[in-house]
Amino acid sequence: MIFKSLFSFFKKNKVVINKDNKTKEADLDDKIIQQIKLQVQERRQLFQEMKFLYQPENDIKDSEIYYFLNGVLSKNDLKKLSLAYLADYQKRYKIKLPHLIIRILSEIGSGRYINYHFIGNNNELHGLSMCLEEYFLNRCITEGVPPKFIEEELYWSYDFEKNRFSHPQVQSIYESLNSERDKNITILFALGGHSSYLTLNRTNNSQVAVFDICGICNKTFTVDGIEYESPYFMYEKIDFKSSILGNINTHYWYSLLEKIKTMNAQSKGKL
């Protein structure tokens, strides 16, 4: 009876602890979302001020300012995705996106106003990426999968929806490992074109991962005295949520505004 009472007490309090953690996490997400919205509002105002002050005749041809004012921002605003789309995306690819990513995509959107481009020109989320874990990679090497294929094509040969490889030998090895995706493959979700990703099926998936940058993240292996590389990633020592906010700054925007003002003043002085 005493053991049963203690177990009930622990179970009850564990639930409370989990609820407290979830509440803290939700509160943090709320603060981040509100901060992003404020920064988006600030950027919109800056962009409108730049457009109002900009005088093409004072600018040099094809300048940094011209491209900024006539680029992505002039053509569209932030693109949002519905919760239904995001739910279907996660179901299709059998993954779970961080709650904060879902809120950003559904409440704020993707685009230059937040410095994150999660969505392609087809209005779909960018595709997932994957890397082989070491044991799976070593099995492929020892069983004679062509090293050039591992280096150049294996990365593209995986079907996320079907959990299958198009290469018959790799698929056979994968099946011998019970096609256990989360043990043999690391899944990476792109954080908007900044060469940084989130690992969606790892215990430390709240950290930012840098993927395949100039070869520094690749796993190297040697076959017949020749060295090859298999795409991989490394973790940055930065928290995912901090990195989201840290990448949305307005310093560059303010500097361009000042350049426009200086350009106008210099042109006026020549008259």
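- Between Tyr89 and Phe189, the two ring planes are perpendicular [angle over 60°; tilted spans 30° to 60°].
- Between Cys217 and Met234 the shortest heavy-atom distance is SG-CG, 3.5 Å.
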- Query: Going through the checks in order, is the side chain to side chain contact (heavy atoms under 4.5 Å, CB included) test met by Ser176 and Arg139?
  - Reply: CA-CA 10 Å; Ser176 75; Arg139 279 286 302 273; 2.9 Å; yes

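- Salt bridge Lys148/Glu153: absent, no basic N to carboxylate O contact under 4.0 Å.
- Classified by interplanar angle (parallel below 30°, tilted 30° to 60°, perpendicular above 60°), the ring pair Phe233/Tyr235 is perpendicular.
- Of the possible polar contacts, one joining the Glu151 side chain to the Glu229 backbone as a donor-acceptor pair under 3.5 Å is found.
- Annotation: side chain of Ile32 is not in contact with side chain of Gln35 (no heavy-atom distance under 4.5 Å).
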- Query: Given the rule in the side-chain hydrogen bond (donor to acceptor under 3.5 Å, both in side chains) test, do Arg43 and Asn249 qualify, once you have shown the distances and angles that lead to the verdict?
  - Reply: CA-CA 9 Å; Arg43 285 179 162 210; Asn249 61 72; 4.8 Å; no

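- Ser82 contributes a side-chain N or O that, together with a main-chain N or O of Tyr85, makes up a donor-acceptor pair within less than 3.5 Å.
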- How far apart are the C-alpha atoms of Asp59 and Tyr54, what are their side-chain angles, what is the distance that settles it, and do they pass the side-chain hydrogen bond (donor to acceptor under 3.5 Å, both in side chains) test? CA-CA 8 Å; Asp59 198 5; Tyr54 180 66; 2.7 Å; yes

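- The distance from the OG1 atom of Thr23 to the CG atom of Leu28 is 12.5 Å, given to the nearest 0.5 Å.
- Shortest non-hydrogen contact noted between Pro146 and His167 is CD-NE2, 4.3 Å.
- Using modelled atom types, one side-chain atom of Asn122 and one backbone atom of Glu124 make a donor-acceptor pair closer than 3.5 Å.
- Rounding to the nearest 0.5 Å places CD1 of Ile187 at 14.5 Å from NZ of Lys96.
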- Just do the ring pair (Phe, Tyr, Trp, His ring centres under 6.0 Å) check on Phe211 and Tyr155 with the steps written out, would you? CA-CA 12 Å; Phe211 172 70; Tyr155 169 71; 5.7 Å; yes

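- In the hydrophobic clustering of this structure, Leu188 does not group with Phe136; members are Ile, Leu, Val, Met, Phe, Trp, Tyr whose side-chain heavy atoms approach within less than 4.5 Å, directly or through other members.
- In terms of modelled atom types and a separation under 3.5 Å, the side chain of Asp159 and the main chain of Glu161 share a donor-acceptor contact.
- Under the 4.5 Å side-chain criterion, counting only non-hydrogen atoms from C-beta, Pro56 is not in contact with Tyr66.
- Note on Tyr197: it does not cluster hydrophobically with Leu86, by side-chain heavy-atom contacts below 4.5 Å among ILVMFWY residues.
- Residues Tyr254 and Phe52 share a single hydrophobic cluster, defined by chaining ILVMFWY side chains whose heavy atoms lie under 4.5 Å apart.
- Side-chain atoms of Gln90 come within 3.5 Å of backbone atoms of Leu97 as a donor-acceptor pair (strictly under, hydrogens ignored).
- Scanning both residues, Leu154 and Met130, for their nearest heavy atoms gives O-CE, 3.5 Å.
- For Phe118 and His126, the ring centers sit 6.0 Å or farther from each other.
- In terms of modelled atom types and a separation under 3.5 Å, the side chain of Ser267 and the main chain of Asn264 share no donor-acceptor contact.
- Shown here for Thr199 and Ala209, the closest heavy-atom pair between the two residues is CG2-CB, 4.2 Å.
- Counting heavy atoms from C-beta on, the side chains of Ile185 and Tyr174 come closer than 4.5 Å.
- In this structure, Arg164 pairs ionically with Glu175, as a charged nitrogen and a carboxylate oxygen lie closer than 4.0 Å.
- Phe68 and Ile60 fall into different hydrophobic clusters, defined by Ile, Leu, Val, Met, Phe, Trp and Tyr side-chain heavy atoms under 4.5 Å apart, directly or through other members.
- Ile104 has its side chain within reach of Ile244: a pair of non-hydrogen atoms, C-beta onward, lies under 4.5 Å apart.
- The residues Arg92 and Asp88 are annotated as salt-bridged, a charged nitrogen and a carboxylate oxygen being separated by less than 4.0 angstrom.
- Classification of the Tyr158-Phe165 ring pair by plane angle, with boundaries at 30° and 60°, yields tilted.
- When Arg44, Gln45, Lys37 are each tested for a side-chain contact (heavy atoms from CB on, under 4.5 Å) with Gln41, only one passes: Gln45.
- Under a hydrophobic clustering in which Ile, Leu, Val, Met, Phe, Trp and Tyr are joined whenever their side-chain heavy atoms come within less than 4.5 Å, directly or via other members, Trp156 and Ile150 fall into different clusters.
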- Message: Quick one, Asp239 with Val208, criterion side chain to side chain contact (heavy atoms under 4.5 Å, CB included). Give me CA distance, side-chain angles, the key distance, then yes/no.
- Response: CA-CA 7 Å; Asp239 178 72; Val208 176; over 6 Å; no

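- With rounding to the nearest 0.5 angstrom, the CG atom of Asp29 is 10.5 Å from the CD1 atom of Ile102.
- For the pair Ile114/Gln39, no side-chain contact is recorded, criterion being any heavy-atom separation below 4.5 Å from C-beta on.
- Using a 4.5 Å cut-off on side-chain heavy atoms (C-beta onward), His117 and Arg112 make contact.
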- Evaluate side chain to side chain contact (heavy atoms under 4.5 Å, CB included) for Leu256 paired with Met50, printing each intermediate quantity in order. CA-CA 8 Å; Leu256 284 183; Met50 281 188 266; 3.8 Å; yes

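- Ion pair Lys219/Glu134 flagged as a salt bridge, since at least one NZ, NE, NH1 or NH2 atom sits closer than 4.0 Å to an Asp/Glu carboxylate oxygen.
- With hydrogens and angles ignored, the 3.5 Å screen pairs a side-chain donor or acceptor of Arg181 with a backbone N or O of Lys94.
- For the atom pair CG of Asp212 and SG of Cys131, the computed distance is 7.5 Å after rounding to the nearest 0.5 Å.
- Looking at heavy atoms from C-beta onward, Ile248 lies out of side-chain contact with Tyr113 at the 4.5 angstrom threshold.
- A salt bridge links Glu64 and Lys259; the closest N-O separation between the charged side-chain nitrogens and carboxylate oxygens is under 4.0 Å.
- Between Asp182 and Arg202 no salt bridge is recorded (no basic side-chain N to carboxylate O distance below 4.0 Å).
- Nearest heavy-atom pair across Ile119 and Ser110 is N-OG, 3.3 Å.
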- Message: Could you go through Lys79 and Asn123, starting from their C-alpha distance and side-chain angles, then the distance that decides it, and tell me whether this counts as side chain to side chain contact (heavy atoms under 4.5 Å, CB included)?
- Response: CA-CA 8 Å; Lys79 294 180 181 178; Asn123 291 323; 3.3 Å; yes

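- For the residue pair Tyr232/Glu133, the side-chain donor-acceptor check at 3.5 Å is satisfied.
- Heavy-atom minimum distance, Glu107 versus Ile33: OE1-CG2, 3.7 Å.
- In this structure, Ile95 and Phe160 have side chains that are not in contact, with every pair of non-hydrogen atoms separated by 4.5 Å or more.
- Summarising the geometry, atom CG belonging to Leu137 is positioned 9.5 Å from atom OG1 belonging to Thr142; distances are rounded to the nearest 0.5 Å.
- Distance CG/Leu105 to CG/Leu81: 5.5 Å, rounded to 0.5 Å.
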